[in-house]
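Below is one structure, written out as structure tokens, with a few remarks after it.
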Amino acid sequence: MTGATRGIGRAIALELARRGADVAFNYARSAESAETLKREIESFGGRALSFQCDVANTEAAAAMVKQIKDAFGRIDFLVNNAGITRDNLILRMKENDWDAYNAPSG
């Protein structure tokens, strides 16, 4: 799960854990928030893995996926909650707007 340490992503991660899922998630900046979330997920009895990773970096994201598969054996689904906003008409957007990534504060 991407973008899990705050807001909607955090709520989704905790609900999945409440329902018995093992949860692997990434975060951009706050190791403290990630560790708190990891402990909360584990308090529901499931396994939790956290990764500080820029998911816009293909190689880093692939390495994270490999580590998750090695630890959990498989990935059943992905919640892609990380994102940025580049408001503009699609015809006016540049390729850099599509590729840009500004890490969220969570």
Side-chain angles (χ1 to χ4, degrees):
M1 149 160 234
T2 63
T5 58
R6 50 186 208 137
I8 292 170
R10 179 180 175 76
I12 293 169
L14 291 172
E15 185 60 27
L16 289 170
R18 276 188 203 100
R19 293 175 181 248
D22 293 329
V23 179
F25 64 93
N26 93 297
Y27 63 97
R29 294 187 181 145
S30 178
E32 183 178 333
S33 295
E35 186 56 35
T36 299
L37 177 59
K38 186 174 183 284
R39 283 193 309 267
E40 287 181 75
I41 290 168
E42 291 170 340
S43 76
F44 291 107
R47 295 179 294 172
L49 296 173
S50 66
F51 298 90
Q52 186 170 21
C53 174
D54 177 355
V55 295
N57 178 318
T58 304
E59 291 168 1
M64 179 178 66
V65 168
K66 182 182 181 328
Q67 289 176 48
I68 294 166
K69 288 174 76 175
D70 289 347
F72 287 171
R74 68 181 197 212
I75 297 174
D76 292 320
F77 55 89
L78 166 70
V79 176
N80 185 12
N81 186 63
I84 59 172
T85 301
R86 296 286 188 254
D87 289 335
N88 205 342
L89 294 175
I90 195 166
L91 295 173
R92 292 186 186 157
M93 293 183 76
K94 306 282 188 262
E95 186 172 345
N96 288 348
D97 293 329
W98 289 101
D99 294 337
Y101 176 77
N102 293 318
S105 62

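Computed from heavy atoms alone, side chains included, the values below leave out hydrogens, waters and symmetry copies.
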* Short N-O contact, E42 and R39, less than 4.0 angstrom -> no
* Any side-chain heavy-atom pair from Y27 and L37 closer than 4.5 angstrom? -> no
* Residue I8 excluded, over 12 heavy atoms near CD1 under 6.0 Å -> no
* Asked: Hey, are the side chains of V55 and M64 touching, using non-hydrogen atoms and a 4.5 Å cut-off?
  -> yes
* Reported CD1-to-CG distance for the pair I75 and D22, which is rounded to 0.5 angstrom -> 12.0 Å
* **Heavy-atom check, side chain of L16 versus side chain of F25, under 4.5 Å** => no
* Which value, rounded to the nearest 0.5 Å, describes the distance between T36 atom OG1 and R6 atom CZ? -> 14.5 Å
* **Same cluster (ILVMFWY, side-chain, under 4.5 Å), V65 and F72** => yes
* All pairs passing side chain to side chain donor-acceptor pair (under 3.5 Å) where residues 57-66 contributes a residue, at least two apart -> K66-D70
* To do: Could you pull out all residues at least two apart from Q52 that satisfy side chain to side chain donor-acceptor pair (under 3.5 Å)?
  => none
* **Partner residues of E40 under the side chain to side chain donor-acceptor pair (under 3.5 Å) criterion, sequence neighbours left out** => R10
* Assess whether salt bridge (charged side-chain N to carboxylate O under 4.0 Å, His left out) is satisfied between E35 and K38, documenting all intermediate values. => CA-CA 5 Å; E35 186 56 35; K38 186 174 183 284; 5.0 Å; no
